[in-house]
Amino acid sequence: MREDPVILSQKEQTRLRVIAEVAAGRWSAAEAARTLKLSERQIRRLRRGFAERGARAFMHGNRGQPSPHRISDEVRARVVELGAGRYA
């Protein structure tokens, strides 16, 4: 099974770089917390996720999934049908 490539937003890339510095021991958790405007507890959580999943830890978990609030295909087709017919 091949995994999709990891594509990160600018904010996610910044988090990745800072947490990588913490993991390498070049930055402290306090410095990272100030830089990212997060608590030290959040830095520990991000660092643990980075150790377990790598760069994927910085992506939102629902990325690539359809919205649970989307309109069903049947309802969407019916609206288009009514819009083109009776309510045109």
Side-chain angles (χ1 to χ4, degrees):
M1 178 173 91
R2 199 186 104 189
E3 292 186 9
D4 293 332
V6 177
I7 300 173
L8 301 175
S9 68
Q10 190 67 41
K11 182 177 180 180
E12 292 164 340
Q13 289 177 23
T14 300
R15 284 185 172 196
L16 174 62
R17 281 193 299 270
V18 170
I19 297 301
E21 291 293 320
V22 172
R26 291 187 285 269
W27 284 31
S28 69
E31 291 172 318
R34 279 192 305 275
T35 301
L36 296 176
K37 297 183 177 138
L38 298 171
S39 68
E40 288 187 46
R41 181 185 180 286
Q42 289 295 91
I43 297 300
R44 287 193 304 268
R45 183 185 63 81
L46 289 172
R47 189 173 173 194
R48 185 172 45 251
F50 179 61
E52 293 171 0
R53 296 178 313 208
R56 289 191 182 284
F58 300 97
M59 291 173 45
H60 191 280
N62 289 343
R63 185 177 293 177
Q65 302 296 318
S67 169
H69 302 289
R70 70 190 177 282
I71 297 172
S72 70
D73 291 337
E74 295 81 21
V75 171
R76 186 182 308 272
R78 180 70 176 142
V79 168
V80 169
E81 177 185 317
L82 289 172
R86 180 185 300 182
Y87 298 106

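Keep in mind that what you see is a predicted model, and the values were worked out from it rather than measured. The first residue in the sequence is number 1, and the count goes up from there.
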- prompt: Is the shortest distance from a Lys or Arg side-chain nitrogen in Glu81 or Arg76 to a carboxylate oxygen in the other one below 4.0 Å?
  reply: no
task: Might you point out which heavy atoms bring Ala32 and Val18 nearest each other, and give the distance in Å?
output: CB-CG1, 3.5 Å
statement: Closest heavy-atom pair, Glu12 versus Met59, reported as atoms and distance to 0.1 Å, is OE2-CA, 3.8 Å
query: Trp27 and Thr35: side-chain contact (heavy atoms from CB on, under 4.5 Å), yes or no, with the steps?
result: CA-CA 10 Å; Trp27 284 31; Thr35 301; 3.4 Å; yes
message: If we ignore hydrogens and angles and just use 3.5 Å, is the side chain of Arg56 paired with the main-chain N or O of Arg53 as donor and acceptor?
response: no
field: Separation of Glu21 CD from Leu16 CG (nearest 0.5 Å)
entry: 10.0 Å
- line: Taken to the nearest 0.5 Å, the spacing of Ile7 CD1 from Gln13 CD works out to 10.5 Å
Using atom types as modelled, flag every donor-acceptor pair under 3.5 Å from a side chain in residues 40-52 to any protein atom, sequence neighbours excluded.
residue : atom : partner : partner atom : Å
Gln42   : OE1  : Arg45   : NE           : 3.3

task: Please examine the side chains of Leu38 and Arg15, heavy atoms only from C-beta on, and report whether any two atoms are closer than 4.5 Å.
output: yes
field: Contact check, side chains of Phe58 and Val6, non-hydrogen atoms, under 4.5 Å
entry: no
message: Check for me, please, whether Ile71 and Val79 land in the same ILVMFWY cluster - side-chain distances under 4.5 Å, paths through other members count.
response: yes
